[in-house]
Amino acid sequence: MTTVGVPAGWPATEEEARAVQDRLRARVVLDEPGPPPGTGHVTGVDVAYDDERDLVAAAAVVLDAATLEVVAETTAVGRISFPYVPGLLAFREIPTVRAALDALPCPPGLVVCDGYGLAHPRRFGLASHLGVLTGLPTIGVAKNPFTFTYDDPGPARGSAAPLLAGTEEVGSALRTRDGVKPVFVSVGHRVSLGNALAHTMALTPEYRLPETTRRADALCRRALQDATTRQAPTS
DNA sequence: GCGACAG
DNA sequence: ATCTTGTCGC
């Protein structure tokens, strides 16, 4: 487990944070297909918080894309770097997530984020931001439609419908389980929407949420517990 | 001005 | 995100 502080020069106000997004947005790459689904590595990242103790724990879990077996996993703990503000989630999650990614012993391949990429008020959500900073291909898979609208996809797993910001398509509502609420997929960096959807399908053979985020979610919660409890770690 | 709003 | 018991079902 790595320990991280808030990076020097990290935005302190919402105004500064929005300015950073407006500046970095130009560096997002949207014309690459990204890694083919089912090959190489796929890495899930997620974060858990303890606002009381000003603690944040992140986890990165690398899966073999073909078998979905765990190849490697890391955690990082730090101080909360930004309050939760809708549209500025990346400033709260990225420092600790980066530390976890940096600690991995192998290349992460495609990174799957718990949240949005292009589907964002300024078209620069967590997944896009993390992609630009790391250079890695990223996608976002969110559990809620945020401020966007969509027509309900068909009831069968694999059905998808456009996720809309007004008339602009910013992602897809994708049904990953028959008759269950869809997830909301958007492109982050260096991946096409079609490939993002295919990856999400490959990562959901059994549950609504991708194995990557399920594994990362469980691990960062454990890491936060261990950091809070300060007792014998589970592993 | 008011309400809504990824995690 | 997080606060939180039992409960229905495979």
Side-chain angles (χ1 to χ4, degrees), chain A residues 11 14 17-18 20-21 24-25 28 44-61 75-98 100 111-132 138-150 162-166 168-174 176-189 193 196 200 205-210 212-229:
Chain A
E14 297 183 21
R18 289 191 197 96
V20 169
Q21 292 181 329
L24 293 183
R25 182 174 44 202
V28 177
V45 292
D46 194 21
V47 172
Y49 302 95
D50 184 338
D51 287 274
E52 284 291 286
R53 304 185 184 232
D54 188 31
L55 277 179
V56 49
V61 180
T75 59
V77 173
R79 299 306 201 69
I80 293 179
S81 52
F82 208 84
Y84 173 66
V85 179
L88 301 179
L89 177 65
F91 296 93
R92 187 169 167 80
E93 307 219 326
I94 280 185
T96 323
V97 165
R98 282 202 76 174
V111 177
V112 181
C113 296
D114 194 3
Y116 281 117
L118 234 197
H120 178 273
R122 286 166 295 283
R123 305 295 177 267
F124 194 70
L126 169 63
S128 300
H129 199 150
L130 184 65
V132 164
T138 61
I139 66 172
V141 180
K143 299 181 285 294
N144 298 292
F146 199 14
T147 62
F148 307 107
T149 61
Y150 64 99
L163 186 65
L164 301 171
E168 181 182 354
E169 182 166 356
V170 293
S172 296
L174 174 67
T176 55
R177 304 299 302 157
D178 290 349
V180 173
K181 175 179 177 174
V183 298
F184 305 91
V185 179
S186 63
V187 156
H189 182 60
L193 181 57
T200 304
E206 192 172 3
Y207 298 97
R208 176 170 87 112
L209 298 180
T212 38
T213 72
R214 296 185 70 252
R215 295 310 225 305
D217 177 77
L219 182 55
C220 70
R221 289 188 201 218
R222 261 181 281 141
L224 184 65
Q225 266 311 308
D226 293 347
T228 297
T229 304

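All chains are named by letter (A, B, ...) in the order of the sequence lines, taking the proteins before the strands, and each is independently numbered beginning at 1. All values reported here derive from a predicted model rather than from experimental measurement.
- With a cutoff of under 4.0 Å to any heavy atom of chain A, the contacted region of DNA chain C is bounded 5' to 3' by C/dA1 to C/dT2.
- Straight-line distance from the CD1 atom of A/Ile94 to the C1' atom of B/dA6: 13 Å, rounded to whole Å.
- Within the 4.0 angstrom heavy-atom criterion, no nucleotide atom of any strand lies near A/Asp50.
- Atom NE2 in A/His129 sits 11.5 Å away from atom NE2 in A/His189 (nearest 0.5 Å).
- The interatomic distance linking A/Arg123 (CZ) with B/dA6 (C1') rounds to 14 Å, in whole Å.
- Taking the six-membered ring where the residue is Trp, A/Phe146 and A/Tyr116 present parallel rings, their angle staying beneath 30° rather than reaching 60°.
- Nearest approach of A/Leu118 to A/Ser128, heavy atoms of both residues: N-OG, 3.5 Å.
- In this structure, the NE2 atom of A/His120 is 13 Å from the P atom of B/dG7, given to the nearest Å.
- The residue A/Gly140 sits apart from the nucleic acid: no heavy atom pair falls under 4.0 Å.
- Put simply, CD on A/Glu93 is 9 Å from P on B/dG7, counting in whole angstrom units.
- Considering only the side chain of A/Lys143, B/dG7 comes nearest among B/dC5, B/dG7, B/dA6.
- At the heavy-atom level, A/Leu163 lies nowhere under 4.0 Å from the strands shown.
- Ring centroids of A/Tyr49 and A/Tyr84 are separated by 6.0 Å or more, keeping the two rings apart.
- A salt bridge is absent between A/Asp46 and A/Arg215: the closest approach of a Lys/Arg side-chain nitrogen to an acidic carboxylate oxygen does not fall below 4.0 angstrom.
- Counting non-hydrogen atoms under 4.0 angstrom, A/Ala48 reaches the backbone sugars and phosphates but no base.
- Counting to the nearest Å, the P atom of B/dA6 and the CG atom of A/Leu88 are 13 Å from each other.
- Stem list for DNA chain C (at least 3 consecutive Watson-Crick or G-U pairs, distances under 3.5 Å) is empty.
- Atom CG in A/Asp50 sits 4.5 Å away from atom OG1 in A/Thr228 (nearest 0.5 Å).
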Going through the distances and angles, do A/Arg222 and A/Asp226 end up as a salt bridge (Lys or Arg N to Asp or Glu O under 4.0 Å)? CA-CA 6 Å; A/Arg222 261 181 281 141; A/Asp226 293 347; over 6 Å; no
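- Here B/dA6 presents its C1' atom at 12 Å from CZ of A/Arg122, a figure rounded to the nearest Å.
- With rounding to whole Å, A/Phe146 atom CZ is found 6 Å from B/dA6 atom P.
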A/Arg18 and A/Glu14: side chain to side chain contact (heavy atoms under 4.5 Å, CB included), yes or no, with the steps? CA-CA 6 Å; A/Arg18 289 191 197 96; A/Glu14 297 183 21; 2.8 Å; yes
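- In this entry the distance linking CZ of A/Phe184 with P of B/dA6 reads 11 Å, nearest Å.
- Stacking between A/Tyr84 and the base of B/dG7 is present: ring centres sit under 5.5 Å apart and the planes differ by under 30 degrees.
- The two residues A/Leu163 and A/Ser172 make their nearest non-hydrogen contact at CB-N, 3.7 Å.
- A/Leu126 places a side-chain heavy atom less than 4.5 Å from the side chain of A/Ile94.
- At the phosphate of B/dG7, OP1 or OP2 sits under 4.0 Å from a side-chain N or O atom of A/Asn144.
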